Amino acid sequence: MLLDLDPDQLLSTTRAVRKRLDLDREVSRELIEQCVDLATQAPTGRNRQRWHFLVVTETEQRLRVAELFRTALRTGGGAPPTARDHARMHAHPGSMERIYDGLQHLYDNVHRVPAFVIPAIEGRTEGASVLDQSMTWGSILPAVWSFMLAARARGLGTVWTTAQGPVERELAEVLGVPHREVMLAAFIPLAHTVGTDFRPARRIPRGQVLHWDRW
């Protein structure tokens, strides 16, 4: 059943869901397949359609993947936030505290999440030019966002994480992915949501992000 959301509501209320994932309810294969079918209607560079979606629901496999998620979060990585990043992150008091609380909840309960979706794309970007990087990522990011929108419309919650990054090689081995040829793009927990009443997020003012004609 689809939620009664107009396009603007769908776009503005597809949230990163961590604490409100229903950990006691299975997600049907049919719903996931519907979301993938819509995801693959997204634009794709040169119509190459190099995207893949790995879905993990089998119990033993899910537990192995969940432990890799925890390992990734303990590992951390990535460039530290800049001073401007910090200013934006804390523009609205309490927002980061809620995010960290949700992340801790997900860390503690990730083994209970009924499904993981790991989008992937053929081709790797290490050492690639900006052009090749943009062509590769531009052919998977729109598809994954479409998947997340389709999930929201069906009462499912998602959260885009980069937990695949620190453990990509290990995760590829668990999933049987040819690591030299295929890049894992994200790590997305998927579940029905507890309630469907999500609201738009509080963001920094438009004037700080919108540029006309020049920076």
Side-chain angles (χ1 to χ4, degrees), residues 1-42 51-74 95 97-120 140-164 167 171 174-177 184-201:
M1 183 180 70
L2 297 179
L3 302 181
D4 184 18
L5 300 171
D6 65 38
D8 285 356
Q9 289 175 314
L10 179 63
L11 288 167
S12 63
T13 64
T14 301
R15 302 262 58 84
V17 185
R18 301 177 183 90
K19 295 189 73 172
R20 291 178 60 183
L21 296 173
D22 189 338
L23 304 176
D24 299 315
R25 183 178 175 188
E26 291 185 3
V27 180
S28 73
R29 182 177 183 132
E30 179 184 7
L31 280 180
I32 297 173
E33 289 177 342
Q34 289 174 10
C35 294
V36 171
D37 287 345
L38 289 168
T40 56
Q41 289 297 311
W51 45 43
H52 298 267
F53 291 82
L54 294 99
V55 180
V56 181
T57 58
E58 190 273 326
T59 300
E60 184 177 345
Q61 185 79 322
R62 194 162 42 82
L63 293 176
R64 295 173 72 188
V65 170
E67 191 51 44
L68 283 173
F69 174 89
R70 290 196 178 101
T71 298
L73 262 60
R74 292 194 298 268
S95 60
E97 288 78 4
R98 288 190 293 272
I99 289 173
Y100 291 140
D101 184 51
L103 183 58
Q104 183 64 55
H105 175 81
L106 183 59
Y107 179 92
D108 293 338
N109 293 280
V110 67
H111 60 287
R112 298 176 57 201
V113 174
F116 299 120
V117 178
I118 295 123
I140 187 63
L141 298 182
V144 181
W145 181 233
S146 291
F147 179 94
M148 297 169 79
L149 291 170
R152 163 66 172 148
R154 287 158 176 76
L156 302 173
T158 58
V159 53
W160 184 303
T161 85
T162 53
Q164 88 291 346
V167 295
L171 184 57
V174 167
L175 298 172
V177 174
L184 304 183
F187 186 111
I188 300 175
L190 175 72
H192 288 276
T193 59
V194 179
T196 59
D197 55 331
F198 292 91
R199 297 176 297 175

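Just the heavy atoms: all of them, side chains too, but no hydrogens, waters or symmetry mates, feed the values below. Remember, it's a predicted structure, so these values are computed and weren't measured experimentally.
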Within-4.5 Å side-chain heavy-atom neighbours: Leu21 and Leu106
yes

Hey, mind stepping through Val36 and Val117 against side chain to side chain contact (heavy atoms under 4.5 Å, CB included) and telling me if it holds?
CA-CA 10 Å; Val36 171; Val117 178; over 6 Å; no

Report yes if the side chains of Val159 and Val17 come closer than 4.5 Å at any heavy-atom pair, otherwise no.
no

Under the 3.5 angstrom rule, does the side chain of Arg25 hit a backbone N or O of Thr193 as a donor-acceptor pair?
no

Determine yes or no for a side-chain-to-main-chain donor-acceptor pair under 3.5 angstrom, with Gln104 supplying the side chain and Asp101 the backbone.
no

Of the non-hydrogen atoms in Glu26 and Pro114, which two are nearest, and what is the gap between them?
CA-CB, 4.3 Å

Side-chain contact, heavy-atom cut-off 4.5 Å: Leu3 with Gln9?
no

Find the distance between CZ (Phe198) and CG (Leu10) and round it off to the nearest 0.5 Å.
12.5 Å

Please answer whether the main-chain N or O of Val174 pairs with a side-chain N or O of Gln61 as donor and acceptor at a distance below 3.5 Å.
yes

Other residues, nucleotides and ligands only: do more than 12 of their heavy atoms fall within 6.0 Å of CD on Glu30?
no

Between the main-chain N or O of Ala115 and the side-chain N or O of Thr57, is there a donor-acceptor pair closer than 3.5 Å?
no

Looking at OG1 of Thr161 and CG of Leu103, how far apart are the two atoms once the value is rounded to the nearest 0.5 Å?
9.0 Å

Sidechain-backbone polar pair: Arg62 side chain, Val113 backbone, donor-acceptor under 3.5 Å:
yes

Nearest 0.5 Å please: distance from the CZ atom of Arg18 over to the CG atom of Asn109.
14.0 Å

For Val144 and Pro119, which heavy atoms make the closest approach, and how far apart are they?
CG2-CB, 3.5 Å

Check Glu33 with Arg154, please: is the shortest side-chain N to carboxylate O separation under 4.0 Å?
no

Under 3.5 Å donor-acceptor, Arg112 side chain and Asp24 backbone
no

Do Trp145 and Leu141 have side-chain heavy atoms sitting under 4.5 Å apart?
no

Assess whether side chain to side chain contact (heavy atoms under 4.5 Å, CB included) is satisfied between Asp197 and Arg20, documenting all intermediate values.
CA-CA 11 Å; Asp197 55 331; Arg20 291 178 60 183; 2.6 Å; yes

Smallest separation among heavy atoms of Leu156 and Cys35, with atom names:
CD1-SG, 4.4 Å

Distance from Leu68 atom CG to Gln164 atom CD, nearest 0.5 Å?
11.5 Å

Tightest non-hydrogen contact, residues Ala42 and Trp51, listed as O-CH2, 3.3 Å

Closest non-hydrogen contact found for Ala185 with Trp160 is O-CZ2, 4.1 Å

Answer yes or no: are there more than 12 heavy-atom neighbours, outside Asp4 itself, under 6.0 Å from its atom CG?
no

Hey, does His111 have a side-chain heavy atom less than 4.5 Å from the side chain of Arg70?
yes

Please examine the side chains of Pro189 and Thr158, heavy atoms only from C-beta on, and report whether any two atoms are closer than 4.5 Å.
no

When rounded to the nearest 0.5 angstrom, what is the spacing between CZ in Arg64 and CD in Glu58?
9.5 Å

To the nearest 0.5 Å, how far apart are OG1 in Thr14 and CG in Leu5?
8.0 Å

Quick check: closest heavy atoms across Leu23 and His105, and the distance to 0.1 Å?
CD1-NE2, 4.5 Å

Measure up the Phe187 and Phe69 rings against each other and bin them: parallel (under 30°), tilted (30 to 60°), perpendicular (over 60°).
tilted

Could you check whether atom CZ of Arg74 has more than 12 heavy atoms from other residues, nucleotides or ligands sitting under 6.0 Å from it?
yes

